[in-house]
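A, B, ... follow the sequence lines: proteins, then strands. Residue 1 opens every chain.
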Amino acid sequence: MTTYIFGALPDLEEGDIFPNRKALTEAGIHKVLMGGIDGNPRQGASSIVLNGGYVDDFDLGDEIIYTGHGGNDPNTGRQIKDQSWESPGNKALLVSELHALPVRVTRGYKHHSAFSPKSGFVYGGLYQVTEHFEDRGKDGFLICRYRLQKIQPGSTMPPEPIQSLPAGNEDSKRQTSTVLRIVRDTKLSRELKALYDYTCQICGLRITIKGIGYAEAAHIKPLGKPHNGFDKADNLLCLCPNHHVMLDKGILTLTDEFEVLGGEYEKVTFKADHALDGENIRYHRAHIFINE
DNA sequence: GGGCCCGCAGGG
DNA sequence: CCCTGCGGGCCC
């Protein structure tokens, strides 16, 4: 079983140039030699390559509409049948979206955009998958599409808002579309969500989208001014979106015994490897909770 | 530039 | 094993 490294790599910087796909593989950026999506349906996709393989790709630099794989005639590069969300790489990109994993993006010389190199392959930095939708491509077959937005280096903010819509053909009609609240996750929040298998610690709900779990990591004592909480496991809960909002807005809070105040649920559920710092709970109760 | 064809590595 | 995939080198 191969393990993928997600996110930044040591000694790799945006703009680094590689002569061919073999060099990308050797650098550990993109392990598969031919595939455009590097990953599997269980762990997610760590990297994609854009190299003109699919006619429906759309590249604005900081925002990319990427086409999933499958249904493509390798000789002509045109679609000859429908794509599926169940294809390994397509499902891997869904996992990357729902678990907020960073995706490395590399552009090749055959990719048509202002950002592609004249020869070889250029590393373009980290992106977040912010949306997936089904569309009818230029060749008339269903395609799996993903919106990727650039993670600005050093920024803790979510990616820039959507700049424009893909240039689909006139009669293309979206079959389904899923846009989640864009949350920038840290390595720690991803680990915590995986520990709880994307199950809410307050209500036990486990949301799945196309079979993939979705949860949010919620800070008890908020980060940044004026609260200055820490991004540490003892300040984090794995929650469903509703209970995340309710915690953030102070509709509910916790007692020192981890009972839930202000809701219909009784007690927070914990895994063995996870404990909270009581200081964070007391802070939330005193400064965030709205006791109405 | 396009067509052909021989690949590799990963995953079922 | 077999199948697949945004290679790559060669020819024209």
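As judged by a 4.0 angstrom heavy-atom cut-off over every strand, A:T67 is placed among the base-contacting residues. In this structure, A:G70 reaches the sugar-phosphate backbone alone: every heavy-atom distance under 4.0 Å involves primed, P, OP1 or OP2 atoms, never a base. No engagement by A:G108 is indicated, since no non-hydrogen atom pair under 4.0 Å with the nucleic acid exists. Within 4.0 Å (heavy atoms only), A:K22 reaches sugar-phosphate atoms of the nucleic acid but no base atom. Looking at heavy-atom distances under 4.0 Å, A:G53 makes contact with a base.
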Exercise. Are A:D277 and A:K221 close enough, and set up right, to give a salt bridge (charged side-chain N to carboxylate O under 4.0 Å, His left out), and what steps lead you there?
Worked result: CA-CA 10 Å; A:D277 183 340; A:K221 182 177 181 179; over 6 Å; no
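We find that CG of A:N90 is positioned 15 Å from P of B:dG11, with the value rounded to whole Å. Distance A:R42 CZ to B:dG12 P: 9 Å, rounded to the nearest Å. Per the geometry, CD belonging to A:E26 stands 13 Å off C1' belonging to B:dC8, to the nearest Å. When rounded to the nearest whole Å, the span between CZ of A:R21 and C1' of C:dG8 equals 11 Å. In this structure, the CD atom of A:E86 is 15 Å from the C1' atom of B:dG11, given to the nearest Å. The nearest whole Å value for the distance from the CG atom in A:D38 to the P atom in C:dC6 is 11 Å. In this structure, NE2 of A:H30 is placed 12 Å from C1' of B:dG10, rounded to the nearest angstrom. Here the C1' atom of nucleotide B:dG12 and the NZ atom of A:K91 are 14 Å apart, to the nearest Å.
Contact between A:P117 and A:R107 at its shortest, heavy atoms only, is CD-O, 3.4 Å.
Not a single donor-acceptor contact under 3.5 angstrom links the side-chain atoms of A:N72 to the base of C:dC6.
Checking C:dG7, C:dC6, B:dG10 against every side-chain atom of A:K110, the shortest atom distance belongs to C:dG7. In the set B:dG7, B:dG11, C:dC6, B:dG7 carries the atom at the smallest distance from any side-chain atom of A:M34.
Aromatic ring centroids of A:F121 and A:H30 lie 6.0 Å or more apart.
Among the duplex regions that DNA chain C forms, those built from at least three successive Watson-Crick or G-U pairs under 3.5 Å are B:1-6 with C:7-12, B:8-12 with C:1-5, ordered by first number.
Between the side chain of A:N40 and the backbone N or O of A:A92, no donor-acceptor pair lies under 3.5 Å.
In this structure, A:Y4 reaches the B:dG11 phosphate: one of its side-chain N or O atoms is under 4.0 Å from OP1 or OP2. The side chain of A:N20 places no N or O atom within less than 4.0 Å of a non-bridging phosphate oxygen (OP1 or OP2) of C:dG7.
Summary of the strand contacts: A:H112 and A:P41 both lie near DNA chain B, and taking for each the nucleotide with the nearest heavy atom, the more 5' one is attributed to A:H112. The 5' end of DNA chain B is approached more closely, in terms of each residue's nearest nucleotide, by A:L33 than by the other of A:P88 and A:L33.
To the nearest 0.5 Å, atoms OG (A:S119) and OH (A:Y109) are separated by 9.0 Å.
Aromatic ring pairs are classed by plane angle as parallel below 30°, tilted from 30° to 60° and perpendicular above 60°; the pair A:Y146 and A:H132 is tilted.
The environment of CD1 in A:I5 is sparse: at most 12 heavy-atom neighbours from other residues, nucleotides or ligands sit within 6.0 Å.
For the side chain to side chain contact (heavy atoms under 4.5 Å, CB included) with A:F289, the qualifying choice from A:L247, A:I251, A:T253 is A:T253, the only one to do so.
Between B:dG12 and C:dC6, the distance separating the two C1' atoms is 22 Å to the nearest Å.
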